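Report on the structure given below.
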Amino acid sequence: MSIQRFITVLILLFTLQLAFAQKEKAENEKIGDRFFMPSIQMGYIHHLPDELSGGLLVQTSLEYKTRRGFFFRLNYDDFDSNFELRNPQSALGVIQGNVSFTEFLGGIGYRASLKKHHFLIVLQTGRRLYSSPILTEQGNDLILELESSGINVNRYTFGYEYEIEPRVFLVLEGFASHARQAKDFWEERRGALGFTLGITATIF
């Protein structure tokens, strides 16, 4: 486990402890009841392009909800993947490596509630940042370099929340994302599927 993943797990455990430590407030709603503290969720992402393997995803999100069930969400997500590129110029015919992705997403959602059970749908758009593999020739050698790049993406999320304590929620979400351009790893197939599991709570 990398240091970044270890720190993320510590943040998740701290968030869990903080959420359970909250005391139930008075019934009068305050502005803080509309903000959800940064939610840390961990999950898995499966890329549809054959060049990319699936991998662990760490999702951090912040929400502001309205009175009518609608809410606004900002996401900062991090995930890794192994890539495998077939190149006839390579002696092995296959070039392999690792690439990291970071996504910044924003959008709107709707949450329907039934007592302790909550169902939600979220539509988001944003930017995915990554390092794209570039092959260059130097004499008889092929040099693999990673060049910073980005692509616009859309994400569609369906989720379920269960209120395990007042204002503390266990969250399970599934999503599909779609790259809006045909480039780099997404020349032919642009989609990805995934799920996350985590916990969230209102700020106050």
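These numbers come from a predicted model, not from an experiment.
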Problem set entry | Glu161 side chain near Lys116 side chain, heavy-atom distance below 4.5 Å |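 No, every pair of side-chain atoms sits at 4.5 Å or beyond.
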State which residues pass ring pair (Phe, Tyr, Trp, His ring centres under 6.0 Å) with [X]; sequence neighbours excluded, sorted by chain then number.
{"X": "Tyr110", "answer": "Phe70"}
{"X": "Phe104", "answer": "Tyr76"}
{"X": "Tyr130", "answer": "Phe101, Trp186"}

Exercise. Under 3.5 Å, side chain of Asn98 to main-chain N/O of Ser81, donor-acceptor pair present?
Worked result: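 It does hold such a pair.
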For this session: Please check if atom CZ in Phe72 has more than 12 non-hydrogen atoms from other residues, nucleotides or ligands closer than 6.0 Å.
Result: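 Open.
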For this session: Among Ile, Leu, Val, Met, Phe, Trp and Tyr joined by side-chain contacts under 4.5 Å, find the other residues sharing a cluster with Leu74 and list them by chain and number.
Result: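 Cluster partners of Leu74: none, it stands alone.
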Do the side-chain N and O atoms of [X] and [Y] include a donor-acceptor pair separated by under 3.5 angstrom?
{"X": "Asn82", "Y": "Gln96", "result": "no"}
{"X": "Ser61", "Y": "Asn75", "result": "no"}
{"X": "Thr102", "Y": "Arg127", "result": "no"}

Problem set entry | Close aromatic pair by centroid cut-off 6.0 Å: His46 and Phe195 |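 No, too far apart.
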For this session: Give a yes or no on whether the ring-centroid distance for His118 and Phe169 is below 6.0 angstrom.
Result: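 His118 vs Phe169: aromatic centres under 6.0 Å.
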For this session: Just jot down the side-chain hydrogen bond (donor to acceptor under 3.5 Å, both in side chains) partners of Thr157, sequence neighbours excluded, or say none.
Result: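 For Thr157 there are no side-chain hydrogen bond (donor to acceptor under 3.5 Å, both in side chains) partners, ignoring immediate neighbours.
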For this session: With sequence neighbours left out, write down each residue that passes side-chain hydrogen bond (donor to acceptor under 3.5 Å, both in side chains) with His117, or none if nothing qualifies.
Result: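 His117 satisfies side-chain hydrogen bond (donor to acceptor under 3.5 Å, both in side chains) with Tyr160 once adjacent residues are dropped.
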